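A short write-up of the structure that comes next.
When a ligand or atom number is given, it counts from 1 through the structure's own listing order. Keep in mind that the numbers below use all heavy atoms, side chains included, and drop hydrogens, waters and symmetry copies. Here the structure is a predicted model, which is why all the values come from computation and not from measurement.
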Amino acid sequence: MGNLLCKPTGSRGKVHDITPESAGWGYVGFSLYRLEPGDVAEEATGDREVILVLVEGKATVQAAGQDWGEMGARMDVFEKTAPHCLYVPNGSDWSAVATTACTLAVCSAPGMGGHQAQRLGPDGIDLTPRGKGTNTRHVNNIAMEGREVADSLLVTEVFTPAGHWSSYPSHRHDEDDFPRMTYLEETYYHRLNPGQGFGVQRVYTEDGSLDETMAVKSHDVVLVPKGHHPCGAPYGYEMYYLNVMAGPTRKWRFQNDPDHDWIAKRDA
Ligand SMILES: O=C(O)C[C@@H](O)[C@H](O)C(=O)CO
């Protein structure tokens, strides 16, 4: 298994460009632009659908032949307000011109032309708590199952308080066996608050053939091709991540690691 921890290539411009080819998988793509006022990002979606997430800052956006005006309101991701997002179908062009310092995530997966360009937030995205005790975290569902807004993409944001765990108890979604489980590749784009912090993410299979534990820093991306993928935020450092998932079926069905499922049962 290749290196799962992707470091940004810089601090301005397109600092991540993860494609199915570079990741060695079939579905998920993830790019990140860090823009200064006046900087431009523009792409053609080709055979992929895209969800643009204004992680922070503002930009004027044109996409699929429409002018979407200035998007973005959250100037720091840890304000935790709902993000401004735009769905752009396959076979379209989009461009964004930063009007403030801006972090723009480009989440992509195979598109089938089933949806029109549309705003996905901030309306309709409500910060929702999940879990108990030091497993409590807060989720902004951007385009998860139940919101039929994309052909393949599942996208969500998670805020994990300092000292808490998330994506936990450990779970996996790496078999195409609906309704028991779906095969979903996944990326994690991480941020820490304060920014110099680190978090921890483990990616592992139950047979131990994959077992990587990574220290993640702000703007790192972790690839999850298979296996369980829990995260921990150290005391003093709040963690944010943006998840992109996709596979052959746009459903999120997972199984907990049997060793740790007792926690889910106890907390249910
Ligand atoms: O519950 C969480 O803490 C987030 C995870 O569900 C995350 O979105 C994921 O691992 C999806 O498989």
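Contact atoms of ligand 1 toward T156: 8 (O) (distance under 4.0 Å to a heavy atom of the residue). Distances below 4.0 Å separate heavy atoms of M245 from the following atoms of ligand 1: 11 (C), 12 (O). For ligand 1 and V158, the ligand atoms under 4.0 Å from any heavy atom of the residue are 4 (C). For ligand 1, the atoms closer than 4.0 angstrom to any heavy atom of S166 are 3 (O).
Between Y168 and W165, the ring planes are tilted. Angles from 30° to 60° get that label. Ring orientation note: the planes of Y189 and H219 are tilted relative to one another, at an angle of 30° to 60°. Ring geometry for H115 versus Y87: interplanar angle over 60°, hence perpendicular rather than tilted (30 to 60°). Taking the six-membered ring for Trp and thresholds of 30 and 60 degrees, Y204 and H228 have ring planes inclined between 30 and 60 degrees apart.
In terms of polar-atom proximity, defined here as any N/O pair under 3.5 Å, Y168 makes no such contact with ligand 1. Inclusion of R137 in the set of residues having an N or O under 3.5 Å from an N or O of ligand 1 is warranted.
Distance alone, capped at 3.5 Å, places no donor-acceptor pair between the R202 side chain and the V200 backbone. The backbone N or O of A264 lies less than 3.5 Å from no partner atom in the side chain of D267, so there is not a single donor-acceptor pair. Side chain of N193 to main chain of G195: no donor-acceptor pair is present (N/O by atom type, distance under 3.5 Å, no hydrogens or angles).
For Y188, the closest heavy-atom approach to ligand 1 falls below 4.0 Å.
Salt bridge status for K217 with D220: absent, with no side-chain N to carboxylate O gap under 4.0 Å.
Protein heavy atom in closest approach to atom 8 (O) of ligand 1: N243 OD1, 2.7 Å. In terms of protein heavy-atom proximity, atom 12 (O) of ligand 1 is closest to H173 NE2, 2.8 Å. With hydrogens left out, the protein atom closest to atom 5 (C) of ligand 1 is S167 OG, 3.3 Å, a heavy atom.
Contacts with ligand 1 closer than 4.0 Å are made by side-chain heavy atoms of Y241 only, the backbone lying farther away. If you look at L184 next to ligand 1, there are no close heavy atoms at all, none under 4.0 Å. The residue F254 has no part lying near ligand 1, judged by heavy-atom distances below 4.0 Å.
Across the listed options R253, E186, R172, R130, E186 owns the non-hydrogen atom lying nearest to atom 9 (C) of ligand 1.
Taken from CZ in R74 to OG1 in T103, the straight-line distance is 10.0 Å, to the nearest 0.5 Å.
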